[in-house]
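Accompanying notes for the structure given below.
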Amino acid sequence: MGPMIRTEEEDYTSPPWLMPMLRGSYFVPCSIHVDSNKNECNLFCLDCAGNAFCSYCLVKHRDHRVVQIRRSSYHNVVRVNEIQKYIDISCVQTYIINSAKILFLNERPQPRIGKGVTNTCEICCRSLLDSFRFCSLGCKIGGMKRGDQSLTFSLKGKHGREYQGGSESDEATTPTKLRKTNAFNRLMSGLSISTVRFDDYGPGGDQRSSSSGDEGGFSFSPGTPPIYNHRNSSRRKGVPHRAPF
């Protein structure tokens with residue numbers, strides 16, 4: 001993520017590419033690829049922070065951070081999984097459109113507030129869910145201009161470490177799985193096993209099985225009795241006894 005800057009005109013801290021992205025002109029024909037199909041400018045490079053460009057110009061931005069701007073209800077939006085890698089989007093309401101979570105770039109004023117609405121955007125008064133304060137990134141900037149020190153676009157400081165991509169690794173939350181060793185496989189196959197050592201399980205003391213009253217480091221389980229087939233069994237007849245004369 002690029003360095004945060006503070007300009008003289010704007011009394012808040014933001015990435016140098018954020019305002020150019022919000023003010024960019026999108027979905028206009030590319031001036032370089034006028035005769036090409038699908039030449040609308042819907043891509044923005046965070047490293048160059050210049051004008052929007054089309055997919056044919058993408059070759060000039062190799063190894064750059066590029067996000068795609070989309071449109072919903074004639075407003076510019078960006079997908080959450082793309083933008084949250086670079087800025088903190090907390091307090092901005094997200095929406096689900098076409099099975100994708102998105103957020104709006106700029107404010108969308110709502111002159112009439114519906115009945116029963118208890119929470120609205122602090123900048124443009126658009127109705128929001130109770131857990132959000134702004135309807136767009138532009139409105140969050142407006143809140144920062146007012147001097148709210150609790151608002152930031154920096155990803156640092158979340159949970160005491162760098163926040164990467166809006167999601168944490170599953171390794172920290174997923175418990176250690178039991179390894180299927182030979183003894184464990186035999187136990188699951190229904191064979192007779194009387195003892196299973198703790199070493200047959202995966203690492204991590206909290207994942208080892210234990211039994212009440214077992215202090216010797218073993219877990220006892222009853223063996224599976226063999227299946228007795230009465231049809232195939234042969235019964236040996238005893239010595240016949242003759243009736244007395």
Side-chain angles (χ1 to χ4, degrees), residues 1-28 30 40-55 57-72 74-97 100-109 121-124 126 128 131-169:
M1 183 180 66
M4 298 289 177
I5 61 174
R6 185 185 298 272
T7 63
E8 296 180 357
E9 299 178 357
E10 300 166 340
D11 189 18
Y12 63 93
T13 303
S14 65
W17 49 263
L18 183 56
M19 289 306 302
M21 184 184 72
L22 299 184
R23 297 172 178 172
S25 298
Y26 302 101
F27 304 100
V28 295
C30 179
E40 60 182 7
C41 297
N42 61 347
L43 299 174
F44 184 83
C45 180
L46 307 185
D47 295 317
C48 299
N51 297 326
F53 53 92
C54 69
S55 58
C57 300
L58 188 59
V59 66
K60 300 179 181 180
H61 300 271
R62 291 181 178 178
D63 301 327
H64 288 186
R65 299 172 299 170
V66 177
V67 295
Q68 180 178 354
I69 307 302
R70 306 167 192 272
R71 179 155 289 186
S72 174
Y74 303 100
H75 291 86
N76 297 328
V77 302
V78 64
R79 285 188 175 180
V80 171
N81 60 358
E82 293 184 24
I83 196 64
Q84 70 179 356
K85 302 175 184 178
Y86 312 113
I87 58 174
D88 178 13
I89 61 173
S90 60
C91 300
V92 181
Q93 178 163 322
T94 59
Y95 302 84
I96 297 179
I97 298 178
K101 186 178 292 187
I102 59 94
L103 55 82
F104 288 85
L105 298 188
N106 298 297
E107 62 181 26
R108 298 173 298 144
C121 177
E122 297 179 7
I123 303 300
C124 67
R126 175 166 288 274
L128 301 175
S131 56
F132 298 99
R133 297 175 56 185
F134 309 102
C135 70
S136 64
L137 292 176
C139 289
K140 182 175 181 178
I141 292 179
M144 297 173 68
K145 286 182 179 181
R146 295 180 176 181
D148 192 340
Q149 299 297 328
S150 63
L151 298 175
T152 180
F153 285 111
S154 176
L155 293 177
K156 294 182 179 180
K158 284 179 174 270
H159 308 291
R161 60 181 178 274
E162 184 74 16
Y163 190 70
Q164 298 290 343
S167 61
E168 299 179 359
S169 175

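- With contacts defined as side-chain heavy-atom distances shorter than 4.5 Å, the pair Val78/Ile102 does not qualify.
- In this structure, CD in Glu40 is found 12.0 Å from CD1 in Ile69, a value given to the nearest 0.5 Å.
- Shortest non-hydrogen contact noted between Met144 and Leu151 is CG-CB, 3.5 Å.
- Closest of all the heavy-atom pairs between Arg70 and Phe27 is C-CZ, 3.5 Å.
- Smallest separation of non-hydrogen atoms from Thr152 and Lys140: O-NZ, 2.9 Å.
- Met21 and Leu137 make their closest contact through CE-CD1, 4.3 Å (heavy atoms, listed as atom of the first residue, atom of the second, distance).
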Would you tabulate the side-chain donor-acceptor contacts of residues 41-51 under 3.5 Å, counting partners in other chains and residues two or more places apart, or write 'none'?
from	atom 1	to	atom 2	distance (Å)
Asp47	OD1	Arg65	NE	2.9
Asp47	OD1	Arg65	NH2	3.0
Asp47	OD2	Arg65	N	2.8

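- Atom SG of Cys135 and atom NE2 of His75 lie 8.5 Å apart (nearest 0.5 Å).
- The salt bridge (charged side-chain N to carboxylate O under 4.0 Å, His left out) test applied to Glu122 returns Arg133, not counting sequence neighbours.
- By the 30° and 60° cut-offs, the orientation of the rings of Phe53 relative to His61 is parallel.
- Counting only distance, with no hydrogens or angles, the side chain of Arg126 and the backbone of Arg108 share a donor-acceptor pair below 3.5 Å.
- The only member of Leu18, Asn106, Ile123 that meets side-chain contact (heavy atoms from CB on, under 4.5 Å) when paired with Ile141 is Leu18.
- Within the 4.5 Å cutoff, side-chain heavy atoms of Phe153 are placed close to those of Pro15.
- Across every non-hydrogen atom of Val77 and Arg71, the tightest pair is CG2-N, 4.1 Å.
- The structure places CD1 of Ile87 at 8.0 Å from CG of Leu155, a figure rounded to the nearest 0.5 Å.
- We find the CD1-CZ distance between Ile89 and Phe132 to be 8.5 Å, quoted to the nearest 0.5 Å.
- Atom CD1 of Ile97 and atom CZ of Arg79 lie 10.5 Å apart (nearest 0.5 Å).
- Between the CG atom in Leu103 and the OG atom in Ser72 there is a gap of 11.5 Å [rounded to 0.5 Å].
- Among all heavy-atom pairs drawn from Leu128 and Tyr95, the shortest one is CD2-OH, 4.1 Å.
- Remark: side-chain polar atoms of Ser136 are not paired, donor with acceptor, to backbone N or O of Phe104 under 3.5 angstrom.
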